[in-house]
*Asks:* 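One structure follows; several queries about it will come next.
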2 protein chains.
Amino acid sequence: MSDAGIDSSQPNGRHEEAALSAPSPSRRTDPDARRSDDVVRNLLRRIREGSLRTGDKLPNERDLATEFGVSRPVIREAISHLTGRGVVSPRGGSGSTVTAVAPERAQEALVLYLRDNRLDYRSIHEVRELIESHAAGVAAVRASPADVEALQQSMRTLRESPGHLAAAADADVAFHSIITRITGNEVIELILSSLHTSLVTVRRHNLALPSAYKEAVRSHQAILDAIVEGDETGARVAMSAHLSAVFQYWQETNQPEVP
Amino acid sequence: MSDAGIDSSQPNGRHEEAALSAPSPSRRTDPDARRSDDVVRNLLRRIREGSLRTGDKLPNERDLATEFGVSRPVIREAISHLTGRGVVSPRGGSGSTVTAVAPERAQEALVLYLRDNRLDYRSIHEVRELIESHAAGVAAVRASPADVEALQQSMRTLRESPGHLAAAADADVAFHSIITRITGNEVIELILSSLHTSLVTVRRHNLALPSAYKEAVRSHQAILDAIVEGDETGARVAMSAHLSAVFQYWQETNQPEVP
DNA sequence: GCCGCAATATTGGTCTTACCGCTTTGAGCT
DNA sequence: AGCTCAAAGCGGTAAGACCAATATTGCGGC
């Protein structure tokens, strides 16, 4: 890792180094090498290594500009880049501060990745079934009365809204989200919510099928029953069966198109 | 969703607005509302809704500037932001193009999220054991001779480098990565590589302990044996035991500090 | 002496202009 | 027709200036 740009050499004026036999490393040669990238790397390194910690203020843009020997626009560009990544957040008037990456940011990145790379549903399904079945099992052990009530509420909504696609989809998502939340594991929550977002198409498609809709109601009830009884294995198996059924329905009734 | 800024009003030159009685919707009022944010939102919407698809070129910066009624720096800032998110990549000389979000980007976001939110190892471990045990089972069924050879190679390296922390850690990572790759599931690969990155501290800490190091060698061998024999359940169980042991070692010998 | 408020300094946000170097393209030459 | 090379197009960078909001300071009143 070169990590160039940390030294404050190259004060400002571009150096001339006349006729370096090499491919002339002077000025700019590679169009994909922006000056701001050096700044980005450097700041990220400072953050990673702790000299800039979450909550700290970055030096002001003008100082950074002189420090790196570049102009302010370059610094601003670097900060914009970092803002896009969610690691700093500038505030007009006061400085820019290093912030913790929000879960939404990570989730969004995951969703976009899944979307852009058109991953086959099989891969997503494999992970989802694995994690969510586990979550159901944990929920069976840990669910509080309030949790159970919330689950029952979403069941009622789901049951009472056949034909109401939007409502049914919401109730479906709610049911699964509640179970996820019961685990109290943020990593699980993050991953599953990302997968759920990516599967919105699948969900809508399936719930529009009467048979799949009925299956969903039946399966959700089975899962809920197992959770109420504290039957860890039962909940896990029921969830697994449910998700497999969802996958099945999608595959049988759908064009090879992907979520 | 306001989505302001799409109209090309406010042509360019700063208007004088002599004593506008109204709350003066002109200029800027909120320091956290950058003009570039409007552009970002708008472009993201175009991408999401398909009017800008992956691989397409963005209009050039000057045109965007006049279209949005802002100056070029604002457009550049918006593009920097999107570049940070990994959804566009500008190329000097030619225009900026919409790109697919790279897995590394999603992985990085996950890693930073895990790091910044100081999630307890327990949550990470729970997910890791779940997924990686599954992966080991799949690997037992699918591993090709080349895969097995690669695994044996990493075993040899691990075994031959006691005291060589860096080498041992690399071999450890390699072993787990190979198993992950055998699943052929990109989602699994993404998640586990993120978790592995987050656990670099744990890995280093543990491998420095002679007992944990020996355990690692033993467990890896057991996992490999099960994979070679095509014993799905055996591989899963062995992996699960191994990861639990790792977790155990960490908890017993470590300050409450988190990865 | 302490507190509140106004003047001021600081800082990010935006605009403008200008120039550089790479990429692309197309016209002219071979 | 194919090739070459110059012009046009485009992003990258610089420098200077001004605005609005925040943060700071210091003065005056209580």
Side-chain angles (χ1 to χ4, degrees), chain A residues 5 10-16 23-40 43 56-83 88-99, chain B residues 5 8-20 23-40 43 56-83 88-99:
Chain A
Q10 181 164 337
N12 195 339
R14 31 250 300 188
H15 40 195
E16 289 284 58
S24 169
S26 71
R27 294 187 181 260
R28 214 99 278 280
T29 304
D30 184 355
D32 294 329
R34 286 175 276 301
R35 280 210 199 291
S36 62
D37 284 345
D38 288 344
V39 181
V40 167
L43 291 179
D56 286 357
K57 262 201 193 1
L58 256 53
N60 75 57
E61 301 182 350
R62 289 158 178 94
D63 286 351
L64 283 175
T66 60
E67 178 187 345
F68 282 97
V70 297
S71 67
R72 190 148 87 97
V74 173
I75 299 296
R76 288 187 60 61
E77 188 143 330
I79 290 181
S80 288
H81 188 102
L82 292 173
T83 302
V88 307
S89 56
R91 254 182 67 78
S94 53
S96 302
T97 60
V98 180
T99 64
Chain B
S8 320
S9 68
Q10 181 161 334
N12 197 339
R14 33 244 307 182
H15 39 197
E16 288 286 55
E17 107 271 44
L20 209 348
S24 172
S26 65
R27 298 196 180 257
R28 212 98 279 276
T29 304
D30 183 356
D32 293 329
R34 287 174 276 301
R35 282 209 198 293
S36 61
D37 283 347
D38 289 343
V39 181
V40 167
L43 292 180
D56 285 357
K57 261 203 194 1
L58 256 54
N60 75 56
E61 299 182 351
R62 288 155 177 100
D63 286 351
L64 283 175
T66 61
E67 177 186 347
F68 283 97
V70 296
S71 68
R72 189 148 87 99
V74 172
I75 299 297
R76 286 186 63 61
E77 188 142 330
I79 290 180
S80 288
H81 188 102
L82 292 174
T83 303
V88 306
S89 57
R91 253 182 70 77
S94 51
S96 301
T97 60
V98 181
T99 64

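Not measured: the values here are computed from a predicted model. Just so you know, these numbers use all the heavy atoms, side chains as well, and skip hydrogens, waters and symmetry mates. Each chain gets a letter, A, B and so on, in the order its sequence line appears, and its residues count up from 1.
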*Asks:* How far apart are the closest heavy atoms of B:Arg72 and B:Ala65, and which atoms are they?
*Replies:*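 Residues B:Arg72 and B:Ala65, closest heavy atoms: N-CB, 3.9 Å.
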*Asks:* Within this structure, what is the CZ-to-P distance between B:Phe68 and C:dC15, rounded to whole angstrom?
*Replies:*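 Spelled out: CZ on B:Phe68 to P on C:dC15 is 13 Å.
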*Asks:* Please report, rounded to the nearest Å, how far the P atom of C:dC15 is from the CD1 atom of B:Ile75.
*Replies:* 9 Å
*Asks:* Any side-chain heavy atom of A:Val39 within less than 4.5 Å of one from A:Leu64?
*Replies:*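 In short, these two side chains do not touch, never coming nearer than 4.5 Å.
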*Asks:* Can you check whether B:Asn60 has a side-chain N or O nearer than 4.0 Å to OP1 or OP2 of D:dG9?
*Replies:*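 No, no such contact exists.
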*Asks:* Could you measure the distance from the OG1 atom of B:Thr99 to the CG atom of B:Asp56? Nearest 0.5 Å is fine.
*Replies:* 11.5 Å
*Asks:* Does the side chain of B:Arg76 come within less than 4.5 Å of B:Ile79's, by heavy atoms?
*Replies:*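 No; the side chains remain at least 4.5 Å from each other.
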*Asks:* Return whichever of A:Pro73 or A:Ser96 has its heavy-atom-nearest nucleotide of DNA chain C closer to the 5' end.
*Replies:* A:Ser96
*Asks:* Between D:dG9 and B:Arg62, is there an OP1 or OP2 to side-chain N/O distance shorter than 4.0 Å?
*Replies:* no
*Asks:* Without decimals, in angstroms, what is the distance between B:Ile79 CD1 and C:dT14 P?
*Replies:*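 Atom-to-atom, B:Ile79 to C:dT14, this comes out as 15 Å.
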*Asks:* Just how far, in rounded Å, is C1' of C:dG12 from CG of A:Asp63?
*Replies:*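 Atom CG in A:Asp63 sits about 13 Å away from atom C1' in C:dG12.
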*Asks:* Any side-chain N or O of A:Ser94 less than 4.0 Å from the OP1 or OP2 oxygen of D:dA23?
*Replies:* yes
*Asks:* Want to settle it: does B:Glu61 or A:Val74 sit nearer the 5' end of DNA chain D, counting the closest nucleotide to each?
*Replies:*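 Upstream on the strand: B:Glu61.
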*Asks:* How many whole angstroms separate atom NZ of B:Lys57 from atom P of D:dC10?
*Replies:*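 So the NZ-P distance, B:Lys57 to D:dC10, works out to 10 Å.
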*Asks:* Can you tell me which nucleotide in C:dT16, D:dT13, C:dT23 comes closest to the side chain of B:Ser71?
*Replies:* C:dT16
*Asks:* Is the phosphate of C:dT17 approached by B:Arg72 (side-chain N or O, under 4.0 Å from OP1 or OP2)?
*Replies:*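 The answer is no; no side-chain N or O of B:Arg72 sits under 4.0 Å from OP1 or OP2.
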*Asks:* Can you tell me the distance, in whole Å, between the CG atom of A:Leu58 and the P atom of C:dG13?
*Replies:*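 Between P of C:dG13 and CG of A:Leu58: 12 Å.
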*Asks:* Can you name the closest pair of heavy atoms from B:Thr97 and B:Lys57 and give their distance?
*Replies:*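 Heavy-atom minimum between the residues: CG2-CG, 3.7 Å.
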*Asks:* Could you state the atom-to-atom distance from CZ of A:Arg91 to C1' of C:dT11 in whole Å?
*Replies:* 12 Å
*Asks:* Can you tell me how far C1' of C:dT11 sits from CZ of A:Arg76, to the nearest Å?
*Replies:*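 Computing the A:Arg76:CZ to C:dT11:C1' distance gives 10 Å.
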